[in-house]
Amino acid sequence: MSQAGFAGRAEGLAQDGARLPPFGLRTTNDVALLRQFRVSRQQSTYNRCPAVSNRGYTSCHMGAGEEKSAQAAIAPRAKDYAQWYLDVVRHAQLAEHSAVRGCMVIRPHGYAIWEKMQGELDDRFKATGHVNAYFPLFIPLKLLVQEEKHAAGFAKECAVVTHHRLKSVGGEVVVDPEAKLEEPLVVRPTSETIIWQQYKSWIQSYRDLPLLINQWANVCRWEMRTRLFLRTAEFLWQEGHTAHATEEEARHEARLILDVYTDFAERVMAMPVVRGVKSEGERFPGAVESLSIEAMMQDGKALQAGTSHYLGQTFARAADVKFLNRQGQLEHPYATSWGVSTRLVGALVMTHSDDEGLVCPPKLAPIQAVIVPIYKNDAEKARVAAEAGLVFERLKAQGVAAKLDDREEMQPGAKFYEWERKGVPLRIEVGPKDLEKGQLCLVRRFLKEALPGKEAESRAKRKSFLPRAQVLEGVPAILVQMQDDLLARARAAEALRTRAIETLADYERFFKEEGGGFAWVHWAGSAADEEAMAQRFETSIRCIPLADQTPEAFRGEGRCLFTGKPSRQRVLMAKAY
RNA sequence: CGGGGCGUAGCGCAGUCCGGCUAGCGCGUCUGCUUUGGGAGCAGAAGGUCGGCGGUUCGAAUCCGCCCGCCCCGACCA
């Protein structure tokens with residue numbers, strides 16, 4: 001494809017003008033705030049509340065002396081971040097553990113968010129010229145091992161199918177030993193090998209290139225330890241696999257997709273990311289170069305939110321895929337692969353949520369506004385219901401994903417808590433007083449200025465009584481504003497925990513005393529030095545940021561923090577998920 | 001795989017050390033009445049192979065043995 005063709009493909013992307021703001025100076029108060037967020041590994045002692053019935057919520061039994069409001073089932077984020085995360089996932093009914101070790105059940109509300117993500121991403125893939133297809137779940141072992149490094153990289157986490165039949169022996173059902181497969185099948189941990197096997201028959205000429213294919217699928221990586229969404233044995237993702245006639249074009253594709261991911265993360269998830277190149281140790285097995293977007297979670301740890309790899313000719317060579325180029329010579333095509341997974345749902349939770357539950361950006365919220373009618377008797381109920389129904393219809397007509405919560409068995413307060421836990425951005429209360437005054441009560445799920453740890457103070461401020469017409473017509477604009485606010489808030493939180501560090505002493509203080517975060521440091525060390533740093537501080541090089549990713553103040557040359565050797569640019573160091 | 005924890009009603013737990021009445025409690029569920037602007041109240045009701053198998057005992061949720069499963073921490077990883 002010509003350069004013009006590339007430009008055409010890139011047009012579908014929104015231009016990304018937004019950059020990280022300059023990082024403000026850190027104050028003593030900031031440091032004190034961050035200290036509260038250091039992750040505690042102690043076992044949580046909070047009352048757990050199941051809150052998982054399909055028909056409503058159970059509330060926790062409260063000990064004597066506890067306040068009435070204390071359903072207090074979500075562990076405070078500042079006390080036990082890991083437990084808080086699990087609690088939010090459970091209470092927002094995003095997912096739960098299943099009967100299968102390491103595998104989760106994604107519940108309807110969690111799946112709805114994933115579907116929104118899929119929609120946004122799929123649109124972007126299509127806009128950049130990609131098409132969807134589907135390849136098999138099973139990969140013949142022979143195929144997987146064709147590419148040595150790739151196979152070695154995934155060897156320790158493969159599920160393998162060896163038999164194709166069960167039989168009944170004395171009333172017990174067992175695997176039939178006579179039904180052994182001639183060749184074991186690996187449940188795909190990723191699909192490079194099986195896809196390139198197929199590409200062999202699809203690619204003969206440069207005219208067949210580029211081949212731009214994506215698949216939405218489940219994959220299986222048999223992890224030792226799992227966490228809901230962040231790491232599960234089976235997960236859902238998309239994997240793009242492209243083939244190109246030139247190295248330049250393939251490298252361009254890998255960058256283009258990184259831009260797509262960045263655009264999605266920041267504009268849709270409202271999650272700021274740093275784009276960069278992975279160090280050798282963190283590279284995808286079989287790749288020439290791995291790129292990633294790294295996001296900071298509220299506890300200061302980095303989470304790899306998406307990856308895009310330039311694979312060179314590695315997989316083409318392994319599968320013996322060749323094409324005839326314009327010069328009439330046989331050549332292996334150049335490849336990329338790239339993916340994001342349901343891990344993004346975990347990233348979403350850990351970027352925005354608070355002690356009251358999920359905070360969801362409007363663009364991903366399955367329900368953007370919930371309407372709760374309030375009344376005391378049948379006469380009021382009739383009047384309020386009419387108004388609530390009207391508000392509902394009006395919002396729907398404007399394209400707002402609205403829900404009218406007219407359940408009669410539940411009191412308004414209980415509904416408020418439920419929708420807050422589930423991350424609904426806006427709530428509109430309709431009561432008799434509002435009818436009299438020609439107003440509506442609008443409640444936001446979060447405020448821009450409420451940084452992590454300060455949300456509690458904001459509750460009263462989140463509620464406002466506005467003239468009826470203002471609410472009826474203004475919700476779409478408010479949702480847009482909230483989307484922007486959320487990104488701004490996340491950027492501010494990230495800035496608070498981001499700094500340039502010049503010495504090992506400062507580095508140690510940052511990660512061991514001040515709660516840690518993103519450390520931008522000059523680096524010129526070897527792989528062994530990297531390992532030594534990891535051992536000593538439990539941190540790693542998250543990425544070598546792309547040129548435009550380094551904030552102005554952090555640019556320029558310096559000396560390696562570890563070896564003292566001259567260094568041309570800083571790398572991003574952090575603890576990681 | 002190593003360390004820790006757990007398994008008793010739909011959910012959360014007590015009871016287990018020190019064996020003993022009919023296995024309890026809270027929430028949820030069902031029925032009725034009253035409630036409804038931040039998690040409603042009262043009355044009544046239903047709901048259990050105490051993870052499984054075996055052993056000790058007059059008697060086992062409780063003691064002993066074996067097994068199974070899940071969660072958390074670590075090594076590995078998106």
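Atoms considered below: every heavy atom in the structure, side chains included; atoms not considered: hydrogens, waters and symmetry mates. Each chain gets a letter, A, B and so on, in the order the sequences are listed, and its residues count up from 1.
Using Watson-Crick or G-U wobble geometry with both donor-acceptor distances under 3.5 Å, B:C33 finds its partner in B:G41. Across all strands shown, B:U49 forms no Watson-Crick or G-U wobble pair with both distances under 3.5 Å. Pair check for B:G20 finds B:C58; Watson-Crick or G-U wobble, both atom distances under 3.5 Å. The partner of B:C27, taking Watson-Crick or G-U wobble pairs whose two distances both stay under 3.5 Å, is B:G10. In a base pair of the Watson-Crick type (N1 to N3 plus N6-O4 or O6-N4) or a G-U wobble (N1-O2 and O6-N3), with each distance short of 3.5 Å, B:C76 is matched with no nucleotide.
Taking for each of A:Cys103 and A:Ala305 the nucleotide of RNA chain B with the nearest heavy atom, the 5'-most of the two is the partner of A:Cys103.
As a whole-Å value, the separation of A:Met104 CE from B:C71 C1' is 16 Å. Between the P atom of B:A78 and the CZ atom of A:Arg542 lies a distance of 9 Å, rounded to the nearest Å. Summarising the geometry, the separation between OH on A:Tyr417 and P on B:G39 is reported as 6 Å, rounded to the nearest angstrom. The distance from atom CD of A:Glu223 to atom C1' of B:C73 is 16 Å, rounded to the nearest whole Å. One interatomic measurement links the two molecules: CD of A:Glu409 to P of B:G41, which rounds to 16 Å at whole-angstrom precision. At whole-Å resolution of the value, CG in A:Leu442 and C1' in B:G37 are 15 Å apart. A:Gln83 places its CD atom 13 Å from the P atom of B:G12, with the value rounded to the nearest Å. A:Leu86 has its CG atom 14 Å from the C1' atom of B:C70, to the nearest Å.
No contact: A:Phe284 has no heavy atom under 4.0 Å from any strand. When heavy atoms are screened at a 4.0 angstrom cut-off, A:Asp434 is found touching base atoms of the nucleic acid. Counting any heavy atom pair closer than 4.0 Å across all strands shown, A:Leu230 reaches a base atom. A:Glu420 comes within contact range of at least one nucleobase, with a heavy-atom separation under 4.0 Å. Base engagement by A:Phe465 is indicated by at least one non-hydrogen atom pair under 4.0 Å involving a base atom. Counting any heavy atom pair closer than 4.0 Å across all strands shown, A:Lys433 reaches a base atom. In this structure, A:Thr232 reaches the bases: a heavy-atom distance under 4.0 Å links it to at least one base atom across the strands shown. A:Arg227 comes within contact range of no nucleotide atom at all, as no heavy-atom separation falls under 4.0 Å. At the heavy-atom level, A:Lys278 lies nowhere under 4.0 Å from the strands shown.
Distance check on atom P: B:A61 versus B:A23 gives 9 Å, rounded to whole Å. B:C70 and B:U56 have their P atoms separated by 32 Å, given to the nearest Å. Look at the C1' atom in both B:C6 and B:G15: the space between them is 16 Å, to the nearest Å. The separation of B:U29 from B:C76, taken at their C1' atoms, amounts to 44 Å, rounded to a whole angstrom. B:C18 and B:U22 have their P atoms separated by 24 Å, given to the nearest Å. Between B:U8 and B:G48, the distance separating the two C1' atoms is 8 Å to the nearest Å. A distance of about 14 Å separates the C1' atoms of B:G28 and B:C13, rounded to the whole Å. Nucleotides B:C1 and B:C64, compared at atom P, are 25 Å apart to the nearest Å.
Each of B:U35, B:C72, B:G38 was ranked by its minimum atom distance to the side chain of A:Arg459; first place goes to B:G38. Nearest to the side-chain atoms of A:Arg343 among the listed nucleotides B:C72, B:A78, B:G37 stands B:A78. Among B:G38, B:G37, B:C72, the nucleotide with an atom closest to any side-chain atom of A:Arg427 is B:G38. Residue A:Arg421 has its side chain nearest to B:G39 when only B:G37, B:G39, B:A40 are considered.
You won't find any donor-acceptor pair under 3.5 Å spanning the side chain of A:Gln411 and the base of B:G39, going by distance alone.
Considering NZ of A:Lys463 and CD of A:Glu429, their distance stands at 4.0 Å, rounded to 0.5 Å.
Applying the salt bridge (charged side-chain N to carboxylate O under 4.0 Å, His left out) test between A:Asp354 and each of A:Arg462, A:Arg445, A:Arg421 identifies A:Arg445 as the sole match. When each of A:Arg343, A:Met104, A:Glu223 is checked for a side-chain contact (heavy atoms from CB on, under 4.5 Å) with A:Thr232, only A:Met104 meets the rule.
With no hydrogens or angles considered, no side-chain donor-acceptor pair links A:Gln298 and A:Thr351 at under 3.5 Å.
Taking 4.0 Å as the cut-off between side-chain N and carboxylate O, A:Arg107 and A:Glu96 count as a salt-bridged pair. For A:Lys278 and A:Glu289, the salt-bridge test fails: no basic side-chain N is under 4.0 Å from an acidic carboxylate O. A salt bridge between A:Glu120 and A:Lys116 is absent, with no side-chain N of the basic residue lying under 4.0 Å from a carboxylate O of the acidic one. Salt-bridge annotation for A:Glu387 and A:Arg468: present, with a side-chain N of the basic residue lying under 4.0 Å from a carboxylate O of the acidic one. Taking the charged nitrogens against the carboxylate oxygens, A:Arg542 and A:Glu282 do have a contact shorter than 4.0 Å, which makes a salt bridge.
A heavy atom lying under 4.0 Å from RNA chain B marks none of the residues of residues 380-389 of chain A.
A:Arg427 forms no cation-pi arrangement with A:Trp419, by the criterion of a distance under 6.0 Å to the ring centre and an angle within 45° of the ring axis.
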Checklist entry - Between A:Asp122 and A:Trp216, is a side-chain hydrogen bond (donor to acceptor under 3.5 Å, both in side chains) present by the stated rule, with each step listed? => result CA-CA 9 Å; A:Asp122 206 61; A:Trp216 289 95; 2.8 Å; yes
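Residue A:Gln304 places no side-chain N or O under 4.0 Å from the OP1 or OP2 atom of B:A78.
Ring-base stacking between A:Phe416 and B:G38 is not satisfied when judged by a centre separation under 5.5 Å and a plane angle under 30°.
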